[in-house]
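Order of the sequence lines sets the chain letters (A, B, ...), proteins ahead of strands, with each chain counted from 1. Note that the structure is predicted; figures quoted are calculated from it, not measured.
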Amino acid sequence: MSTTGANGVVFQTRGLTKVYDMGEVQVHALRGVDIDLYGGELLVLLGPSGSGKSTLLNILGGLDTASAGQVIYRGRELTTASDSELTEYRRHHVGFVFQFYNLIPSLTARENVAAVTEIARSAMAPADALTLVGLSERVDHFPAQLSGGEQQRVAIARAIAKQPSVLLCDEPTGALDSTTGIVVLEVLERINRDLGTTTALITHNADIAAMADRVVRLADGRIVDVHRNVEKKPARELRW
Amino acid sequence: MRALDQKLLRDLMRLRGVVLAIALVLVGGISTFIMSLSTYDSLVLTQAKYYRDHRFAQVFVSLKRAPESLQRRFLDIRGVDKVETRVVAAVNLDIPGFADPVSGQLVSVPDRGEPLFNALYLRRGRMVDPARDDEVVISESFANAHQFRLGDALSVTVNGRRKAVTIVGIVLSPEYIYEIQPGAVFPDYQRFGILWMARAPLAAAYDMEGAFNDVALSLTADANHDDVIDRLDEFLRPYGGRGAYGRQDQLSHKFLAEEFGQLETMATVFPVIFLGVAAFLLNVVIGRLINTEREQIAILKAFGYRNGEIGWHYTKFSLMIVAIGLAGGVVVGIFLGKGMSAVYQDFYRFPFLEYELKMSVVVNAALVAVAAGLAGTLTSVARAVQLPPAEGMRPETPTEFRATLVERAGLQRWFAQPTRMIMRHIERRPLRALLTVLGIASACGVIMVSNFQEDAIHHMIDVQYGMSSREDLSVSFVGPTSARALQSLKGVAGVAHVEGFRSVPVRLHFEHRSFRTALQGVESDGELHRILDKDLRRIKLPAAGVVMTDYLAKILGMKAGDWVTVEVLEDSQPVLRATGFARPKTFQFADVLAGSQPALRLPLVATTKQYLGVSAYLRRNVLNRLLEEGDVINGAYISTDSRYQSKVYSRLKDMPRVSGTVIREAAIAQFNQTMEQTILFFTMVTASLGAVIAFGVVYNSARIALSERGRELASLRVLGFTVGEIAYILLGELALLTLMALPIGFMFGRALCAYLVSQFESDLYRIPLILEPDAYSFATMVILTSAIISGYLVWRRLRCLDLIAVLKMRE
Ligand SMILES: Nc1ncnc2c1ncn2[C@@H]1O[C@H](COP(=O)(O)OP(=O)(O)OP(=O)(O)O)[C@@H](O)[C@H]1O
Ligand SMILES: [Mg+2]
């Protein structure tokens, strides 16, 4: 169910470390990250390329596992979870949005959403989710028949249709022009506000940070700055 | 429908070319499987029903003559259930308008009531009237060969007396499903026929009144077959019994059994090849599909799809293809099975055919197909399942290329850049290249089998008739005759050369094995009938012992130097029956000749290569001495001056003691004709199946290559390469693999033929492993044609390669 009103800690990471072992070289993607995410909050992750943003998000979403440290999701340890426990976790709690939309090309917008709602516990109807992102007219179109922004909105509909408690977005506007990007951000903003979905959003675009509750900056696998916006700027008013 | 199933269907549609190509190979495998097994089951069922309905006897024995009163005493033999006596006469026939000598067998039917055994199936007309002595019914094959109609007249020479008879009916008999003249190797329906006549008139004509010379029996349920045969032989010895035998030695039954066994072999060999190739194709295609869908798999996993669900999704993809192949295979298999059963029904003249497709055959086909499908899919699916979700989102790391062997050897300056690309690709995926080569090679092998039979049979005939049995015709006499008869044969105008022979039915024993055949006494340096060694060189018959067909020696488990015990099965001869078959300690051939041995034992001196039939040879004068008879023959090989052939025939017909004539050329022609029908069907089916495999493999490889390298090729097009040049890169690789596959295919085909040859070995014939150049060239032609067609289909796709779409696509 949604986490409206629940302002407790959703994620808690302590000393989170990720090392990719590449044989001769070891890549330290995360070097001890301590961060808490609160229910219903919209968090923006900023940082230069290679700073470990995606790695952090993937670990939070149960796509990847940490090399050391702890991730606690609502009191449950993700770091020690088995592969199938992580699958169940993703299935019922997490929604993802990726930079390249990653829709299934052979399925229509509705079917792309249905592919996820079919396996969820308390999902909304795919058409409703598409209406939420303003695509009620395009439900039967295939990804190839949609613009990039529309595809990304389908991807958002797909991520939110199962009413996840967290929504993790890795550069959702990275492939879009600013106007389209803003439309997509508006959707995310509304979902976060109306459904109370805890949202973490990676971006390279510092301007987007203005719409966040909190902004976290990463550099070289470490958190270098956490900043709380006193006043959130509506996505509609963003410009870049 | 679930969204993923929707995706499945769309993927299948999108990849329909590939899907169909694989399904086609599966259809090939399943349909041969169903065709062979359903034909086998149908024939076995038909045969069983025919045997049951028409009361095919279980044991047969012929003898010289016994009084009818003996009949009741058969029932005292333990194990005998019912018995029926008959009169069977070897006859010569005179057919108006047909010059060649025709011989036949005249069999009695009971005067009253239905026969107890071997009931006839009346095709046309009516049965004979026992009150009339001039009516016969004849076998359908014989009737068809001469286009006889009811009411046609024939003249039959029984016991040297000519008799005019009328055909009143045309029949089929379970006893003569396969109708062949004793001593002949092939059926010749024109020159040998079976006729039935009422018992009383036949007995009168054959001096068998109140007597019989043939018996058919059935056994009680608890009878021991071999014991009954021994008791029967004992019982009939005083009456000139020729040795009782069961169904497995009954010629017609035996031939059927051989033929059915071959079908069973076919039902396994070909499907195994097809399904193996199909499994490989599925492996490649599913592997490729999973590669292109890495991102989608990762996404599904990111959203919480379980490994099992994803694995099942891709497994379903291959199962759908299997299902299509299975459905098509069952339909085509039934169609071919019915066709093939009809060919056989016609060939064997079954009165009816019960086509049966057992549910278990379909279920087995399905199981085997699914197993092949899974075998082909599981490794790729396992790979998909193991893909970590985060990993799938990143594009696949560029494959490592390295300088090829050729380049490392410093030969690259001989090859243009595109050629180097071809070689690098082959070296990059050596396993797949190898499997592709093997797939094409197996197609090549299958096609070679289709052609092999014909070559082999031609060779068989060349050896049998060109080198060994060189006589133009052979005659047999009604009984042992003085060799002086040869003089009268020689005297016939047109006869160039005559060689007498003495043939005696025997049962040969060695250790615990035995075999019924004829012991042939021939001239040691016979010109007409030659004995060949394994290299097909002529050998002279040795004076001291027998020479056997290599296959007979193998059946008996004998090698040169072993002594075979001979049980003579001819009436009027003292039956030399061995009591114990243990080999005597000191045993000299001289003792045998001196008659001081209790049983007739002969040393095996050498074996002879023979493709047709099995026999044992010794010098005629030796055989005469062993049988304690004078200079006696019971048949002769004759060569004629072709200009006088018909004159010779008509003279032979008038010779009262001549009971049967086999004309070589006619036999060959007849054989070719019968074989052609069955082989043509077989060749067509096999060759097209081979073509299907070749097409499936080449087309799939080309499509997969296109999907993997579309981007690369499109980029080359953008850089200014022509369609022809990029086609060269893509198709050149396949052409190279196809060419590499041919020699391997030749070897595989040869091995496959060798396997079939070993499986098809029987005492009726052994097919030699002969592959003429045309078998190779035919296979090459079919493979290249399939390759060119699939190449053309891919080339058409290359021509309309959408450059922009391909380049925009994110790999
Ligand atoms: N599978 C992997 N194997 C090896 N190294 C990896 C792997 N994934 C990420 N890395 C490395 O880890 C570091 C952090 O990568 P990450 O993808 O988290 O960066 P990012 O902040 O998301 O960068 P970007 O903004 O470019 O997406 C980088 O140096 C990257 O090269
Ligand atoms: Mg990233």
Pick one of side chain, backbone, both or neither for [X], based on which atoms fall under 4.5 Å of a heavy atom in chain B.
X        : result
A:Arg110 : neither
A:Asp83  : side chain
A:Ala120 : neither

Exercise. Please work out which of the three classes, parallel, tilted or perpendicular, describes the rings of A:Tyr89 and A:Phe11, given edges at 30° and 60°.
Key: perpendicular

Contact check, side chains of [X] and [Y], non-hydrogen atoms, under 4.5 Å:
X        : Y       : result
A:Arg90  : A:Phe96 : yes
A:Leu57  : A:Leu45 : yes
A:Arg222 : A:Val33 : no

Quiz prompt | Heavy-atom pair count under 4.5 Å with chain B, highest-scoring of A:Gly61, A:Pro105, A:Gly62, A:Gly95 | solution = A:Pro105

Exercise. Considering only heavy atoms and a distance below 4.5 Å, find which of A:Ala114, A:Ser84, A:Ala159 pairs most often with chain B.
Key: A:Ala159

Quiz prompt | Qualifying salt bridge (charged side-chain N to carboxylate O under 4.0 Å, His left out) pairs with a residue from residues 12-25 of chain B, counting only residues at least two apart or across chains | solution = B:Asp11-B:Arg14, B:Arg14-B:Glu293

Self-check item: Pick from B:Lys301, B:Met13, B:Arg306 with the largest number of heavy-atom pairs that fall under 4.5 Å of chain A
Solution: B:Arg306

Practice problem: Counting only heavy atoms closer than 4.5 Å, note whether B:Leu300 contacts chain A via side chain, backbone, both or neither. | Solution: side chain

Self-check item: Partners meeting side chain to side chain contact (heavy atoms under 4.5 Å, CB included) with A:Val187 (sequence neighbours left out)
Solution: A:Val133, A:Arg153, A:Ile156, A:Ile191

